[in-house]
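Indexing begins at 1, ligand by ligand and atom by atom, following the structure's order. Index from 1, following the sequence. What you see below is based on every heavy atom in this structure, not just the backbone, and it leaves out hydrogens, waters and symmetry mates.
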Amino acid sequence: MPITAADLRAAAQTAVGEDAVRDTALVGGTAAVRLTAPADPGQHDAFIQHAARAVAAADTRAGQSLRAITIELLDDSGRVVQSKTYPAVPLEDAAQHHRPISGLRPQPAPASSKALPDVRHVIAVGAGKGGVGKSTIATNLAVGLARRGHAVGLMDGDIYGPSMPTMLGLDPLEASVVAGMLQPFTVHGLKAMTIGKLVDPEKPLIWRGPMAHGAFKQLVEQTNWGELDYLVIDLPPGTGDVPLTMAQMLSLTGAVIVCTPQKVAQDDAVRALRMFQQLGVEVLGVVENMSYFVGDDGKEYDLFGKGGAAKMSKRLGVPFLGAVPITTALRENSDAGDPTANFKRGPLADSLNALVEATESQASLAALRQGKSRPTLNIS
Ligand code: ADP
């Protein structure tokens with residue numbers, strides 16, 4: 001009998017204590033375990049080895065079905081501070097070599113993306129229909145990730161209706177090309193590129209399928225993104241040619257789906273979710289935007305039926321990443337091109353930070369499942 005998810009969790013908990021185990025996942029022969037890092041960095045290696053050894057032992061007891069074991073250590077803010085991946089081998093071999101987990105060796109990480117090998121996580125933000133706040137969420141997600149110390153790019157892949165020039169305040173800036181490559185705009189602590197700065201903003205952007213494909217491809221390939229921890233891509237609404245192009249070109253960590261609480265918005269969101277699944281893109285989770293209203297009195301008012309998206313996520317078995325309130329500040333800051341202002345104190349900032357943290361967590365879990373996690377230290 002192959003090792004079960006319950007065996008894996010039990011083994012990790014027995015090894016390092018119940019409180020230290022954040023998540024465990026068992027996917028395609030890889031066991032992934034995320035632990036709270038010990039306060040003393042000097043103990044990190046031993047902690048990882050201890051956990052890996054316990055998982056290897058549980059796998060041996062269950063008849064050895066694992067191909068790899070990945071252990072990640074996270075700090076209090078959920079950031080990965082250390083990560084190791086080992087091919088799983090029989091524990092008897094380890095005993096022969098008199099090493100704690102000899103035979104378990106870090107594996108080289110596979111390239112994370114087809115077209116962008118220097119980008120660790122590509123996250124697409126999609127929605128079933130327009131106007132639900134997809135671009136707003138993509139922008140704030142990117143800004144929030146950058147505020148947490150990551151190198152972040154934001155690509156406006158909504159080539160039919162680019163909104164980044166306004167949302168990021170790019171209007172006074174000019175696009176520049178160096179050595180044949182578009183230079184991204186460095187704003188709000190991130191690198192951004194939008195077709196809205198390359199075409200006449202007054203002209204409607206009517207793209208037929210092959211043109212849409214070409215425009216998207218150019219934004220991905222001809223922008224000088226450099227090394228990034230995250231590239232957030234704002235997709236056009238609905239289920240068109242662009243997501244297909246994207247899935248063919250890039251190896252995505254996953255997609256985030258934005259919807260509003262209403263039933264009709266959720267029906268559209270389910271279609272978007274199915275599309276990503278058909279394209280082989282993992283769904284990192286669902287965000288409920290315009291979930292509730294926070295009055296000047298600081299009280300929450302339920303306008304549209306808060307909680308619909310959380311229920312939908314549960315029904316579909318995908319994570320719920322968070323609810324963002326409808327606030328005047330968010331609209332005003334978007335119109336003014338100042339997304340950083342959304343992260344000042346208050347309910348809006350709290351909801352955005354929670355969303356960013358949940359997405360970061362789901363992205364690293366997804367990367368573990370996909371075997372993209374990068375070991376940072378080798379053991380000999
Ligand atoms: P989409 O990309 O889904 O078409 P946008 O992100 O462009 O939608 O948002 C549409 C409009 O709604 C924008 O003016 C934006 O500022 C506003 N908006 C989005 N989310 C919120 C929110 N939570 N509170 C207030 N206004 C919002």
Side-chain angles (χ1 to χ4, degrees), residues 123-144 154-171 188 192 194-196 201 204-205 216 232-240 242-243 246 255-262 264-273 275-276 286-296 298 300-310 321-344 346-356 359:
I123 296 182
V125 180
K129 62 170 189 165
V132 298
K134 173 184 54 58
S135 303
T136 307
I137 296 297
T139 302
N140 285 282
L141 187 58
V143 171
L154 173 61
M155 190 180 119
D156 192 350
D158 191 349
I159 53 171
Y160 303 96
S163 43
M164 298 293 158
T166 302
M167 283 192 186
L168 297 176
L170 304 178
D171 286 343
H188 316 293
T194 168
I195 201 146
L205 298 176
F216 183 90
V232 177
I233 301 182
D234 181 23
L235 287 176
T239 51
V242 172
M246 178 187 68
V256 168
I257 295 173
V258 182
C259 72
T260 54
Q262 298 94 327
V264 277
Q266 283 160 33
D267 294 343
D268 290 323
V270 173
R271 272 191 280 280
L273 188 140
M275 170 193 73
F276 285 120
V286 175
V287 181
E288 183 168 278
N289 186 33
M290 310 196 207
S291 177
Y292 53 96
F293 172 72
V294 184
D296 290 340
E300 280 185 20
Y301 297 88
D302 185 353
L303 300 183
F304 305 125
K306 180 183 180 205
L321 298 172
V324 176
I326 182 162
T327 65
T328 311
L330 184 46
R331 193 206 31 86
E332 283 176 353
N333 295 334
S334 296
D335 285 352
D338 185 14
T340 308
N342 298 326
F343 289 83
K344 285 185 196 149
L348 174 61
D350 292 347
S351 73
L352 292 174
N353 281 319
L355 164 68
V356 171
T359 308

Do any N/O atoms on [X] end up under 3.5 angstrom from N/O atoms on ligand 1?
X	answer
Pro325	yes
Lys134	yes
Thr327	yes
Lys129	no
Leu330	no
Gly130	no
Gly131	yes
Thr136	yes

Heavy atoms, side chains only, cut-off 4.5 Å: are [X] and [Y] in contact?
X	Y	answer
Leu348	Val324	yes
Met246	Leu235	yes
Ile257	Val287	no
Ser351	Pro325	yes
Val256	Ile123	yes

Minimum-distance protein heavy atom relative to [atom]:
atom	result
atom 27 (C) of ligand 1	Met290 CE, 4.3 Å
atom 7 (O) of ligand 1	Met167 CE, 3.6 Å
atom 17 (C) of ligand 1	Arg331 CG, 4.3 Å
atom 20 (N) of ligand 1	Asn289 ND2, 2.9 Å
atom 8 (O) of ligand 1	Gly133 N, 3.1 Å

query = Does the protein put any heavy atom within less than 4.0 Å of atom 13 (C) of ligand 1?
reply =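 Protein heavy atom within 4.0 Å of atom 13 (C) of ligand 1: absent.
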
message = Looking at Tyr292, is its backbone amide N or carbonyl O close enough to the side chain of Glu300 to form a donor-acceptor pair, meaning the two atoms are under 3.5 Å apart?
response =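 Not confirmed, Glu300 side chain does not pair with Tyr292 backbone.
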
request  = Using modelled atom types only, decide if a donor and an acceptor are shared between the side chain of His188 and the backbone of Leu168 within a distance under 3.5 Å.
outcome  =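 Side chain of His188 to backbone of Leu168: a pair is present.
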
Using a strict cut-off of 4.0 Å, indicate which atoms of ligand 1 neighbour a heavy atom of [X].
X	value
Val132	3 (O)
Ser334	16 (O)
Ile326	22 (C), 23 (N), 24 (N), 25 (C)

ask   = So, Asp338 versus Asn333: side-chain donor-acceptor pair below 3.5 Å or not?
value =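 No donor-acceptor contact under 3.5 Å links the two side chains.
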
inquiry  = When you compare the side chains of Asp234 and Ser135, does any donor N or O come within less than 3.5 Å of an acceptor on the partner?
reply    =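 Present: a donor and an acceptor within the cut-off.
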
request  = Would you mind telling me if ligand 1 is within reach of the side chain of Thr328, the backbone, both or neither, using heavy atoms under 4.0 Å?
outcome  =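 Neither part.
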
key: Salt-bridge present (Asp335, Arg331; N to O < 4.0 Å)   =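 The answer is yes: the pair qualifies as a salt bridge.
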
query = How many angstroms lie between CG in Leu352 and CG in Asn342, if you round to the nearest 0.5 Å?
reply =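 Reported value, rounded in 0.5 Å steps: 6.0 Å.
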
